[in-house]
Amino acid sequence: MTRNVPDKPTLDGLEAKWDERWESDGTYLFDRAKTRDEIFSIDTPPPTVSGSLHMGSVFGYVQTDAHARYRRMAGSEVFYPMGWDDNGLPTERRVQNYYGVRGDASLPYDPDLAPPEEPHDPPVLISRRNFIDLCHILTLEDEKVFEQLWRTLGLSVDWTQTYATIDDHSRRTSQVAFLNNLARGEAYSQEAPVLWDVDFQTPVAQAELEDREKGGAYHKVAFRKPGGEPIYIETSRPELICSCVALVAHPEDARYSDLVGSTVTSPLFGVEVPVVAHPLAEPDRGTGVAMICTFGDTTDVTWWRELELPTRAVIQHDGRFQEETPDWLDSEGGAFYAELAGLFPNQARRRMAELLAESGDMDGEPKQIMHPVKFYEKGDRPLEIVTSRQWYIRNGGRDDELRKTFVGRGEELRWVPGFMGTRYQDWVEGLNGDWLISRQRFFGVPIPLWYPLDDAAEPDFDNPIVPPADMLPLDPFSDVPPGYDESQRGQPGGFTGDTDIMDTWATSSLSPQIAGHWVDDPDLWERVFPMDIRPQGPEIIRTWLFSTTVRAHYEHDVLPWHTATINGWILDPDRKKMSKSLGNVVTPLPLIEEYGSEAVRYWACNGRPGVDTAVDFGVMKIGRRLAIKILNASRFALGFTDSDVEASAITNPLDRSMLAGLAEAVANATQAFESYDYTRALEAAERSFWGWTDDYVELVKARAYGDGPGADSAHAALQLALSVYLRLFAPFLPFVTEEVWSWWRQGSVHRESWPSADEFEGLTGEAQVADLVSQVLTAVRRVKSDAKVSMRAEVERVSVTAPADQIALIKEGELDLLEAARAAEADYSEGEFSVVAELADSSS
RNA sequence: GGGCGUUUAGCUCAGUUGGCUAGAGCACUGCCCUUACAAGGCAGGGGUCGGCGGUUCGAGUCCGUCAACGCCCACCA
């Protein structure tokens, strides 16, 4: 093939050019004829498609791509699918804001509803099905934007292997797995207190909780002993006094031991409640006595469960106090309750403080405090605890044996970096309940069950109607169970569909099964599972990583992957956490436009595995400079001949020495990649390459331009070195390496084999020759620099002092050295290494 | 309150089993339009390796301890 080297090579337009070519050539298509041992499979994180792209998204995906590209070149067939996580609350919220709509399950479907052009304000209420339609429309748009970004960044994904967590295939996989869990007893439903978001009106799993420091106040409130003496408690939630079921003290707290077993009366409401003992009550907190309510916090739930206390709930699912007077209050108490009815807890709290102050049941003013309050991580108001029927999957949170099993799975997994395994272990050991998977929302995978209705149209939740496998995926809201017809929906003796959907993690925890087509392509499944790596961020170890481990354990009794690679966290340029509320989110597109994809990739690959990394424009500039350098150096290396020179021509000691050094860099880069350290691999390639351009290329120039005996050797060595460098950089800088490859080679560099020691067989010499000659050259340059003359200035004589063995080596590269130094001659003497250069004419 | 991580040049970071005068890039200074590259090249200045104590012939590297910062977790009385 003749060479086609442009005069003015440029990075401009390379992304679009090569993305198109890779697409039309099918460069990254997965060859499913390969067997499991030949395949390297990646359980790609399906990014949440909620419209916002930021540098955190780019960071981990580029690192994974670099590794995928290495594996592909190293001989593996890479299974590298891409998913979109589009079901769930983030999408719902985006649709609500984007269109200005709210879903309302009570409204009828409007088949003619068009997506609003502009967001409605105030929001329009639309039916559940219309709402879901809008979710589909918008996610499709968002997914196109994501795919375009990934393509521009050069992710070597097989774009025919995409999935979305809301598509038919994912819904089917999710429902099949759920029904398997149900059949084996791993999934169950239960009426129980749950942490509840009053805005989203859905329960929240432990993994989605976060504590936020919030202001509050301790109210010191008197209950009354039978004789009328006060017993004080301190509470930050006085509004729940009406739902108090007991007071509690520590069993060994002598101050209250007389009281335990007796009853006291609540202020205002006059309800008689027992005083009980429990070790969770802390003597030195507050007055040592706490009030137990339905439910003020999760400790209340523990006390309620373990002490078998009654249930007196007043807060409804919408977060307000119920309107009707609770039946445990008498008329006097009811009058006070009327003051609270319909209020939100914070309003009721203020009113109660007033009422208690008026009645004299509060001692002093409320004491302002800061304390942690539980929130849904995506929510804006504190969680309440309400009782409702929900679905759970057992995860060891209520079973020590199972917990140990899952801790063991974490130990079995290889973690990169290793310390990330500790986070998994801490999480599993700290679980305090099973995994709550049901959500009372719209856009998600439905729980695929119906319930028979008795004569009073009450559902029998203990005997769900399970669909046959061939009905999946289904929506029990619109599909009818076998043996029934639609007219029986909601009728006595008929059926009703489960109205819940599953949380998004209940589906994305099956990403290996979805991508590997567990339910419908056993042949593919066998070739890719268990997968080789799970790359992901540290913040979703407790959710995605753990839940995937749980599902694979139940379904296949195996770890879903051998290795988990955890990327670091992305910080803004000032090393602060990026967040929308701080307004410091950096988006990738403007950066790609300014610096180019290669530069952004270079930055991402400079972030070491698991290490938090700041967005750094300086690093991107270096990456861009490297890419330009590759173009220019390639132009030089390929500029001497029109076709390849046989490698056997490489006889010159300096050339062979250079190749010895390069062989070492290849070994280092390979070893680094094998231990998932892409950064070290990049560093090895880069250090070698800059040395090559700075020193070797300068040394070899005269010989390469000439037509003397060493010219062929120089040409062949340049060519071989370039071929190796392009392949070393290909995983990191896929566009520029492909561009240069196309100047003189057929096919894609990304389907070439990774450089190996074999390629240097019989072509390497003593590595020190190039090192020593470079040192002498540097010394001569220093002399010129100090003398403030041009590097072209002629040198009369270079005098090298060095140990005898080094002199011998330097002499092997002497001709090139003299040319590069523009020196007339060299002389040598034995001794400690030093170089003296006499400039030819210092006055010129 | 517990756990994990980080702390090396003004800035961002390397430094793999302890071993010769501690490295890179950016920034800074000086020089050079040298035919691959001036959105470049060459050369240079700059560091008590967070503090203290220990192991060792030798410690940025191992051990102990303290501190600062970050992250994760934790029963909201």
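Lettering of chains follows the sequences in order, A, B, ..., and the numbering in each one begins at 1. Scope of the values below: all heavy atoms of this structure, side chains included, with no hydrogens, waters or symmetry mates.
- Taking the six-membered ring where the residue is Trp, A:Tyr696 and A:Trp692 present parallel rings, their angle staying beneath 30° rather than reaching 60°.
- Here B:C42 is the nucleotide among B:G3, B:C76, B:C42 with the atom lying nearest to any side-chain atom of A:Met791.
- Summary of the strand contacts: A:Thr299 and A:Ser634 both lie near RNA chain B, and taking for each the nucleotide with the nearest heavy atom, the more 5' one is attributed to A:Ser634.
- Taking atom CZ of residue A:Phe375 and atom P of nucleotide B:A74, one finds them 16 Å apart after rounding to whole Å.
- For the pair A:Asn606 CG and B:G15 P, the interatomic distance rounds to 12 Å; values are reported in whole Å.
- Contact annotation: A:Asn432 side-chain N/O to B:C75 OP1/OP2 distance is under 4.0 Å.
- By the 4.5 Å heavy-atom criterion applied to side chains, A:Ile233 and A:His219 are not counted as neighbours.
- The residue among A:Arg237 and A:Glu698 whose nearest nucleotide of RNA chain B is located toward the 5' end is A:Glu698.
- As rounded to whole Å, 8 Å separates atom C1' of B:C13 from atom CZ of A:Arg608.
- What separates CG of A:Asp616 from P of B:A14 is a distance of 13 Å, to the nearest Å.
- Of all nucleotides listed (B:U34, B:A43, B:C76), B:A43 comes nearest to the side chain of A:Arg781.
- For A:Ser785 against B:G30, a side-chain-to-base donor-acceptor contact under 3.5 Å is present.
- Comparing B:G60 with B:G2, their C1' atoms sit 30 Å apart, to the nearest whole Å.
- No engagement by A:Val248 is indicated, since no non-hydrogen atom pair under 4.0 Å with the nucleic acid exists.
- Distance A:Glu683 CD to B:U16 P: 12 Å, rounded to the nearest Å.
- In this entry the distance linking CD1 of A:Ile622 with P of B:U12 reads 14 Å, nearest Å.
- In this structure, A:Arg285 reaches the bases: a heavy-atom distance under 4.0 Å links it to at least one base atom across the strands shown.
- Remark: the separation of the P atoms in B:G51 and B:C11 is 15 Å, to the nearest Å.
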Does the ring-ring contact (aromatic ring centres under 6.0 Å, His included) test come out yes or no for A:Trp415 and A:Tyr424, once each step is laid out?
CA-CA 10 Å; A:Trp415 295 84; A:Tyr424 172 98; 5.7 Å; yes
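- Distances shown here put every side-chain N or O of A:Gln425 at or beyond 4.0 Å from the OP1 or OP2 atom of B:G2.
- The gap from the C1' atom of B:C57 to that of B:G18 amounts to 12 Å, rounded to the nearest Å.
- Atom name P, nucleotides B:C49 and B:A22: the rounded distance is 11 Å, in whole Å.
- Considering only heavy atoms from C-beta on, A:Thr299 stays 4.5 Å or farther from A:His278 through its side chain.
- Considering only side-chain atoms of A:Arg782, the nucleotide from B:A43, B:A74, B:C37 that sits closest is B:A43.
- For the residue pair A:Ser634 and A:Tyr725, no side-chain donor N or O sits within less than 3.5 Å of a side-chain acceptor on the partner.
- Looking at RNA chain B, the stems built from 3 or more consecutive Watson-Crick or G-U wobble pairs, each pair with its key distances under 3.5 Å, are B:1-7 with B:67-73, B:10-13 with B:23-26, B:28-32 with B:40-44, B:50-54 with B:62-66.
- For B:G25 and B:U8, the C1' atoms lie 15 Å apart once the distance is rounded to whole Å.
- Residue contacts shown for A:Trp690 are limited to sugar-phosphate atoms, with no base heavy atom under 4.0 Å away.
- When the nucleotides B:C4, B:U34, B:C75 are ranked by their closest atom to the side chain of A:Phe419, B:C4 comes out on top.
- Taking only side-chain atoms of A:Lys788, from C-beta outward, the nucleotide of B:C76, B:U34, B:G30 with the closest atom is B:G30.
- At the heavy-atom level, A:Ile628 lies nowhere under 4.0 Å from the strands shown.
- For B:U34, neither phosphate oxygen OP1 nor OP2 lies less than 4.0 angstrom from any side-chain nitrogen or oxygen of A:Lys784.
- Among the protein residues, A:Leu383 comes within range of the nucleic acid bases, having at least one heavy atom under 4.0 Å from a base atom.
- Listed nucleotides: B:G30, B:C42, B:C76. Nearest to the side chain of A:Lys374: B:C76.
- Within the structure, a side-chain polar atom (N or O) of A:Thr778 is placed less than 4.0 Å from OP1 or OP2 of B:A43.
- Among the heavy atoms of the strands, none lies under 4.0 Å from A:Glu210.
- Base contact: A:Ala281 has a heavy atom under 4.0 Å from a base atom.
- Side-chain N/O atoms of A:Lys629 and base N/O atoms of B:C37 include a donor-acceptor pair closer than 3.5 Å.
- When ring centroids are compared, A:Tyr232 and A:Tyr218 stay outside the 6.0 Å threshold.
- Taking the six-membered ring where the residue is Trp, the centroids of A:Trp603 and A:Tyr595 are separated by 6.0 Å or more.
- In this structure, A:Arg381 satisfies the cation-pi test against A:Phe344, with its NZ or CZ atom closer than 6.0 Å to the six-membered ring centre and inside 45 degrees of the ring normal.
- As judged by a 4.0 angstrom heavy-atom cut-off over every strand, A:Asp694 is placed among residues touching the sugar-phosphate backbone only.
- One finds a side-chain N or O of A:Arg625 lying less than 4.0 angstrom from the OP1 or OP2 phosphate oxygen of B:G41.
- Neither side chain, A:Arg349 nor A:Ser236, offers a donor N or O lying under 3.5 Å from an acceptor on the other.
- Put simply, A:Arg423 has no side-chain N or O that comes within less than 4.0 Å of OP1 or OP2 on B:C71.
- Spacing between atom CG of A:Asp211 and atom P of B:C75 amounts to 7 Å, rounded to whole angstrom units.
- Using P as the reference atom, B:A59 and B:C71 are 36 Å apart when rounded to the nearest Å.
- Nucleotides B:C20 and B:G3 place their P atoms 36 Å apart, quoted to the nearest Å.
- The distance between atom CE of A:Met420 and atom P of B:C71, rounded to the nearest whole Å, is 13 Å.
- Counting only heavy atoms from C-beta outward, the side chains of A:Pro538 and A:Arg423 approach each other to under 4.5 Å.
- B:A24 and B:G46 have their C1' atoms separated by 14 Å, given to the nearest Å.
- The A:Glu282 side chain lies nearest to B:C75 when the options are B:C75, B:A43, B:C73.
- Looking only at side-chain heavy atoms (C-beta outward), A:Phe636 and A:Thr693 stay at 4.5 Å or farther from each other.
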